There are 2 protein chains.
Amino acid sequence: MGAARRLDQTLTALADPTRRGVIDLLRKRPRRAGELAAAFEMTPPAMSRHLRVLRQTGLVEEEAVDDDARVKLYRLRPEPFSELRAWLDEVEAFWGDQLDAFKAHAERTRGRKGP
Amino acid sequence: MGAARRLDQTLTALADPTRRGVIDLLRKRPRRAGELAAAFEMTPPAMSRHLRVLRQTGLVEEEAVDDDARVKLYRLRPEPFSELRAWLDEVEAFWGDQLDAFKAHAERTRGRKGP
DNA sequence: GCAATATTTAACGTGTGCGTTAACATTTCG
DNA sequence: CGAAATGTTAACGCACACGTTAAATATTGC
């Protein structure tokens, strides 16, 4: 049950295009909050809330920078992606389990829906 | 560009717990709309809208039943899941690209992703 | 033809998510 | 010290997603 809750948070976080864009950016290298706000032409508060969502879901974490305590670098964390992949594996196991039924369906619909 | 839009639709669809529950049910076998509505203690119109979302995203498809034209069976479609997996692969490639930085970081946080 | 069944569409209320501006820490450095 | 810089909360507005009830559309069967 707790796992489902986390998966829910993860998918809700990933459903937003901005947050997914942030993840695609962080894929290359860690970034600062202001950097990300500018990248999406968004005010700092708006990006701050997105980062909070991503942080609470565990999709990103913040790292302090030693030479300036005002700045935090955000980077990706692997765990939520692994959990999502695990669920995806379960779902896709469907096409292994029900391969027969699938074939049977293909046979029933052969030539009926074609041109 | 179209691919990103589809991924957006897919993740938005999967973010809803009811729709994800529907998918988990359809994983076992195809179901009728009313069957699904009852399974989630929900009125038929509510489930009908969920099914429309899933249909538009291509996550499910409907099949007619030959002995009763009022009934439609819903079943899973693989394509959107494959696209989601593809994106997940891209993101997770991050931990391949930046393995050095990740190892250094994993040492601090005791990361648990096997080789 | 007509009542019953299965599902979808229409209209509506309500909550919530996302963006903005304003105000609040905290840190840097002239 | 005090002004600028970086980032986060607080308060507000708005659009949209999700559920309900009521009405509409097919289709079955007596």
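These numbers were taken from a predicted model, which means no experiment stands behind them. In what follows, chains are A, B, ... by sequence order, proteins preceding strands, each numbered from 1.
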Distance in angstrom units between [X] [atom1] and [N] [atom2], rounded:
{"X": "R19(B)", "N": "dG19(D)", "atom1": "CZ", "atom2": "P", "result": "8 Å"}
{"X": "L51(A)", "N": "dT6(D)", "atom1": "CG", "atom2": "P", "result": "16 Å"}
{"X": "L36(A)", "N": "dT8(D)", "atom1": "CG", "atom2": "P", "result": "10 Å"}
{"X": "D68(A)", "N": "dT28(C)", "atom1": "CG", "atom2": "P", "result": "5 Å"}
{"X": "M47(A)", "N": "dT20(C)", "atom1": "CE", "atom2": "P", "result": "10 Å"}
{"X": "D16(B)", "N": "dG19(D)", "atom1": "CG", "atom2": "C1'", "result": "11 Å"}
{"X": "D66(A)", "N": "dT28(C)", "atom1": "CG", "atom2": "P", "result": "11 Å"}
{"X": "F40(A)", "N": "dC18(C)", "atom1": "CZ", "atom2": "C1'", "result": "15 Å"}

Does the base of dG7(D) carry an N or O that pairs as donor and acceptor with the side chain of R32(A) under 3.5 Å? no

With a 3.5 Å cut-off and just heavy-atom distances, do the side chain of R70(A) and the base of dT28(C) make a donor-acceptor pair? no

Taking only side-chain nitrogens and oxygens of [X], does any of them come within less than 4.0 Å of OP1 or OP2 of [N]?
{"X": "R55(B)", "N": "dT8(C)", "value": "yes"}
{"X": "T43(B)", "N": "dG19(D)", "value": "no"}
{"X": "H50(B)", "N": "dA17(D)", "value": "no"}
{"X": "R52(A)", "N": "dG7(D)", "value": "no"}

Is there a side chain to side chain contact (heavy atoms under 4.5 Å, CB included) between Y74(A) and V22(A)? Walk through the geometry before answering. CA-CA 10 Å; Y74(A) 283 92; V22(A) 166; over 6 Å; no

Say whether L14(A) and L88(A) are linked into one hydrophobic cluster, either directly or through other cluster members, by side-chain heavy-atom distances under 4.5 angstrom. yes

Under 4.5 Å between side-chain heavy atoms, counting indirect links through other Ile/Leu/Val/Met/Phe/Trp/Tyr residues: same cluster for L7(A) and F40(B) or not? yes

Which of these nucleotides, dT28(C), dT6(D), dT9(C), is closest to any side-chain atom of P45(B)? dT9(C)

Look at all strands and tell whether [X] reaches a base, only sugar-phosphate, or nothing, counting heavy atoms closer than 4.0 Å.
{"X": "T18(A)", "result": "sugar-phosphate"}
{"X": "A46(A)", "result": "base"}
{"X": "M42(B)", "result": "sugar-phosphate"}

With DNA chain D as reference, determine whether Y74(A) or R49(A) sits nearer its 5' end, using the nearest nucleotide of each. Y74(A)

Going through the distances and angles, do R27(A) and D24(A) end up as a side chain to side chain contact (heavy atoms under 4.5 Å, CB included)? CA-CA 5 Å; R27(A) 198 156 68 84; D24(A) 282 335; 4.1 Å; yes

In Å, rounded to the nearest 0.5 Å, how long is the span from CD of Q9(A) to OG1 of T57(A)? 5.0 Å

For P44(A) and for A69(A), locate the closest nucleotide of DNA chain C by heavy-atom distance; then report the residue assigned to the nucleotide nearer the 5' terminus. P44(A)

